[in-house]
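The structure appears right after this line, and notes come after that.
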Amino acid sequence: MFQHFQEYIIKQKLFTKNNEILVAVSGGMDSVLLCHLLDMAGYSFGIAHCNFQLRGKESDADEKFVKQLAKHFDVPFYVKKFNTKNYASDNGISIQMAARELRYRWFEEIRMKNKYDLIAVAHHKGDEVETFLINLIRGTGIAGLHGINAKSGKIVRPLLFTDRKKIEEFIKKNKIKYREDSSNSSGKYLRNKIRHDLIPLIKEMNPDIEKTIKSNIQRVGKIENIFQQLVEEKKEKIITKEKNIIKFEIKKLL
């Protein structure tokens with residue numbers, strides 16, 4: 001695991017020992033493992049934790065656990081409480097979407113204020129498969145089917161090389177403590193329905209479904225790259241720039 005982690009960072013050119021990294025840590029297995037691997041590899045990082053106040057005392061216990069984790073690694077710790085339900089209601093969006101908007105906005109604020117180079121999140125292969133299926137069910141364009149990128153702007157995902165099973169094995173073998181989020185077993189969230197119900201059902205028809213979906217994600221990604229290259233070529237022929245003015249040739253555009 002540790003060797004593959006280091007190799008993946010180098011291969012994907014995610015960051016170097018000269019970078020300061022802000023790690024998003026929920027207290028769950030994946031994000032806790034990411035901290036341990038970064039520490040083992042000698043990277044400089046800080047920890048940011050969001051308390052969405054959705055699970056009462058459990059949310060507060062998560063916050064306390066992550067604070068102790070930061071103390072263990074002797075790294076900076078940042079925490080913020082969010083009124084997630086009110087934000088979701090005021091903006092007419094789901095709780096999950098509200099949590100996503102709140103956390104990434106806050107992560108970027110911390111990154112800029114404290115001069116971190118990148119924000120590391122703990123997505124792995126399983127998250128990529130689930131995201132693919134979520135987008136497929138909800139409806140999406142080609143960009144929604146290319147999977148999760150190892151690097152998107154200032155966001156890096158150093159665990160995309162591995163899957164949930166390998167993460168669980170490493171955690172157990174090394175006796176690493178983490179927090180179990182009770183909402184992960186709730187059937188009211190689409191991602192959980194896909195994880196606990198849909199994927200096991202599809203596996204009955206294709207035991208290698210995760211590998212199959214991963215291959216399809218890679219194919220779609222290649223198609224999208226070709227599509228984007230063609231769009232850029234067309235733009236060069238259709239668009240001209242004169243100082244602050246952008247001009248389109250309508251006939252060529254049509």
Side-chain angles (χ1 to χ4, degrees), residues 8-16 18-22 24 48 50 82 84 86-125 127-161 190-191 194 212-254:
Y8 186 74
I9 290 170
I10 294 170
K11 181 181 179 181
Q12 297 294 327
K13 299 178 181 178
L14 298 185
F15 44 79
T16 70
N18 295 323
N19 292 130
E20 293 287 334
I21 306 160
L22 180 67
C50 299
F82 294 98
T84 315
N86 283 357
Y87 183 86
S89 177
D90 292 344
N91 291 275
I93 56 178
S94 69
I95 293 291
Q96 285 186 309
M97 184 59 70
R100 175 184 169 80
E101 289 185 7
L102 288 168
R103 68 174 174 265
Y104 278 110
R105 186 184 303 161
W106 180 58
F107 291 157
E108 180 60 15
E109 288 174 6
I110 299 172
R111 187 193 70 79
M112 294 181 68
K113 184 178 179 180
N114 297 278
K115 298 180 180 179
Y116 285 97
D117 299 300
L118 299 160
I119 300 165
V121 293
H123 292 134
H124 54 76
K125 284 182 180 179
D127 295 313
E128 187 170 37
V129 170
E130 291 165 9
T131 299
F132 175 87
L133 291 170
I134 286 172
N135 290 338
L136 197 63
I137 290 168
R138 287 177 173 168
T140 182
I142 191 170
L145 298 177
H146 68 189
I148 304 173
N149 293 324
K151 188 172 186 178
S152 305
K154 298 296 182 180
I155 308 292
V156 290
R157 301 177 176 88
L159 294 185
L160 274 183
F161 71 95
L190 178 57
R191 183 175 292 274
I194 288 171
T212 301
I213 290 176
K214 183 71 177 177
S215 295
N216 287 333
I217 287 172
Q218 291 174 347
R219 292 190 190 100
V220 172
K222 290 176 181 178
I223 292 169
E224 186 186 14
N225 287 337
I226 294 170
F227 175 75
Q228 291 296 340
Q229 288 172 15
L230 290 171
V231 168
E232 290 302 317
E233 289 175 10
K234 294 292 183 182
K235 280 171 67 176
E236 289 180 6
K237 296 177 181 178
I238 293 169
I239 299 173
T240 55
K241 295 181 181 179
E242 297 178 6
K243 294 183 179 179
N244 294 326
I245 300 173
I246 298 174
K247 295 183 178 181
F248 295 83
E249 290 195 41
I250 302 300
K251 287 185 179 179
K252 289 184 179 179
L253 182 63
L254 293 173

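Just the heavy atoms: all of them, side chains too, but no hydrogens, waters or symmetry mates, feed the values below. Counting from 1, the numbers follow the sequence of the chain as shown.
In terms of the salt bridge (Lys or Arg N to Asp or Glu O under 4.0 Å) criterion, residue partners of R111 (sequence neighbours excluded) are, by chain and number, E108. Under the side-chain hydrogen bond (donor to acceptor under 3.5 Å, both in side chains) criterion, E224 pairs with H146, sequence neighbours left out. By the ring-ring contact (aromatic ring centres under 6.0 Å, His included) test, F132 pairs with no residue at all, sequence neighbours left out. Listed by chain and residue number, nothing satisfies the ring-ring contact (aromatic ring centres under 6.0 Å, His included) test with Y87 (two or more places apart in sequence, or in another chain).
With hydrogens and angles ignored, the 3.5 Å screen pairs a side-chain donor or acceptor of S94 with a backbone N or O of M97.
Between R157 and the options V121, L14, D127, a side-chain contact (heavy atoms from CB on, under 4.5 Å) holds for only V121.
Considering every non-hydrogen atom in both I95 and A88, the closest pair reads CD1-CB, 3.9 Å. Of all heavy-atom pairs spanning A48 and F107, the tightest one is CB-CE2, 3.8 Å.
Screening residues 214-223 for side chain to side chain donor-acceptor pair (under 3.5 Å) gives E128-K214, N216-R219 as the qualifying pairs, with residues at least two apart or on separate chains.
At most 12 non-hydrogen atoms from other residues, nucleotides or ligands lie less than 6.0 angstrom from CZ of R100.
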Can you give the donor-acceptor pairs under 3.5 Å from side chains of residues 233-243 to other protein atoms, not counting sequence neighbours?
| unit_1 | atom_1 | unit_2 | atom_2 | d |
| --- | --- | --- | --- | --- |
| E242 | OE1 | K247 | NZ | 3.2 |
| E242 | OE2 | K247 | NZ | 3.4 |

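Relative orientation of the W106 and F82 rings is perpendicular, given thresholds of 30° and 60° on the angle between their planes.
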